[in-house]
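Protein chains get the first letters and strands the later ones, always in sequence-line order, with residue 1 at the start of each. Atom set for the values below is all heavy atoms of this structure, side chains included, hydrogens, waters and symmetry mates excluded.
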2 protein chains.
Amino acid sequence: MNTPPPANDDAAVDLGPLAAMLHHALRNAQAQVLEELQASFTAEDMRPLPFAILVVLARNPGLRQIQVGFALGIQPTNLVPLIDGLEQRGLAERRVVPGDRRARGLFLTKLGAETLARLEARAAAHEARLADRLGPGGREQLLSLLRRLAHPIPD
Amino acid sequence: MNTPPPANDDAAVDLGPLAAMLHHALRNAQAQVLEELQASFTAEDMRPLPFAILVVLARNPGLRQIQVGFALGIQPTNLVPLIDGLEQRGLAERRVVPGDRRARGLFLTKLGAETLARLEARAAAHEARLADRLGPGGREQLLSLLRRLAHPIPD
DNA sequence: TATTGTTATACTCTATAACTATA
DNA sequence: TATAGTTATAGAGTATAACAATA
């Protein structure tokens with residue numbers, strides 16, 4: 001994204017209630033963090049969304065597409081081209097599931113596992129940089145608050 | 001978005017490092033908050049991005065497109081169809097700027113100001129709901145942490 | 001009848017390149 | 001030569017409807 005006010009202008013624009021809206025703050029923070037993570041992935045020609053799929057496949061080999069989609073908030077229909085891409089690059093593969101001929105079990109290839117190891121190292125380094133920016137305890141507190149927002153909570 | 005794990009499944013999927021990544025938490029929280037804000041805007045047939053433009057125009061009448069884009073992190077080229085939409089709906093208008101015949105000053109119409117008032121009320125109500133979910137002081141703390149993420153900070 | 005995966009399609013948001021009319 | 005706005009275009013990401021194969 002065209003990251004917003006790098007806080008350097010003189011004749012500042014009055015943002016009114018936007019300045020105090022969580023939606024606005026989330027949008028800006030997410031855009032910045034996404035851009036940084038993407039930048040740290042360019043050397044591997046990878047993006048955050050397919051990376052997330054690789055992470056899930058590594059921990060849950062044989063998972064079906066519908067389950068992967070559910071875990072990551074991706075609709076089955078939108079998952080198809082993402083899996084296609086990973087398969088074409090030789091990072092993941094679809095295999096038939098013994099008991100159910102409709103389903104496809106998803107697996108990381110050897111290349112996929114090796115690539116993922118490098119990607120996770122890059123992601124961890126980025127996360128450490130973010131933690132630095134947030135100060136002691138800031139990251140954990142932020143994660144906790146974000147999780148409360150993510151779940152509507154039947155209160 | 002297809003909001004992810006509503007925390008009700010039994011055979012949970014292992015998300016590995018994703019579960020502790022700020023990018024992932026931001027994505028989920030942003031998707032949920034965006035969806036809620038959009039839902040609260042549907043009665044006015046409005047979306048968060050053009051709403052943000054209306055807010056800025058209300059506080060900064062006569063602002064040029066390039067300045068609006070800079071304030072909101074929208075490229076001039078992507079702003080054009082957004083302003084077109086607001087203009088076609090009679091909510092905002094482009095006027096010639098006295099000193100510079102290249103530029104366009106942006107203004108809210110009367111209808112735009114009236115519509116915005118209703119939208120801001122809806123946005124404020126949503127914000128209050130989010131604050132409830134975050135507990136005492138949670139919202140302010142979250143805003144502070146998010147702002148630290150949004151600015152790379154030349155440290 | 002329901003489920004898994006798929007195709008087709010559309011809309012929103014963001015991105016780059018190149019153009020116009022001014023300055 | 002640079003700037004404000006614009007057009008054209010492309011790529012992600014997300015959304016719905018409908019279908020084939022299978023359960």
Evaluate side-chain contact (heavy atoms from CB on, under 4.5 Å) for B:R104 paired with B:R64, printing each intermediate quantity in order.
-> CA-CA 6 Å; B:R104 307 295 166 127; B:R64 299 175 181 204; over 6 Å; no
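Across the protein-nucleic acid pair, B:Q32 atom CD and D:dT14 atom P stand 14 Å apart, rounded to whole Å. In this entry the distance linking CG of A:L79 with P of C:dT7 reads 13 Å, nearest Å. The separation between A:Q75 atom CD and D:dG13 atom C1' is 11 Å, rounded to whole Å. As rounded to whole Å, 16 Å separates atom P of D:dG13 from atom CG of B:N78. Distance A:I74 CD1 to C:dG5 P: 14 Å, rounded to the nearest Å. Summarising the geometry, the separation between CD on B:E35 and C1' on C:dT12 is reported as 15 Å, rounded to the nearest angstrom. Between the C1' atom of D:dG13 and the CG atom of A:L72 lies a distance of 14 Å, rounded to the nearest Å. Distance CD1 (B:I66) to P (C:dA23): 16 Å, rounded to an integer number of Å.
In this structure, A:R27 reaches the C:dT14 phosphate: one of its side-chain N or O atoms is under 4.0 Å from OP1 or OP2. The side chain of B:R47 contributes an N or O atom lying less than 4.0 Å from OP1 or OP2 of C:dC13. The side chain of A:R94 contributes an N or O atom lying less than 4.0 Å from OP1 or OP2 of C:dT6.
A residue-by-residue look at A:D100 and A:T77 shows that A:D100 has its nearest nucleotide of DNA chain C further toward the 5' end. Judged by closest nucleotide on DNA chain D, B:R102 is the one of B:R102 and A:R101 placed further toward the 5' end. The residue among B:P81 and B:A103 whose nearest nucleotide of DNA chain D is located toward the 5' end is B:A103.
For the pair A:R94/A:I83, a side-chain contact is recorded, criterion being any heavy-atom separation below 4.5 Å from C-beta on. Residues B:L149 and B:L26 have side chains in contact (heavy-atom distance under 4.5 Å, counting atoms from C-beta outward). Taking the side chain as every heavy atom from C-beta outward, B:L15 and A:L72 approach each other to under 4.5 Å.
Seen from the ring of A:F41, A:R122 does not count as a face-on cation partner, given the 6.0 Å and 45° thresholds.
Here A:E93 contributes atom CD and A:L106 contributes atom CG; the two are 9.5 Å apart, rounded to the nearest 0.5 Å.
A donor-acceptor pair under 3.5 Å is formed between the side chain of A:R139 and the backbone N or O of B:A20.
Within residues 57-65 of chain A, the residues that have a heavy atom under 4.0 Å from DNA chain C are, in order of number, A:R64, A:Q65.
B:L49 comes within contact range of the sugar-phosphate backbone alone, with a heavy-atom separation under 4.0 Å but no base atom that close.
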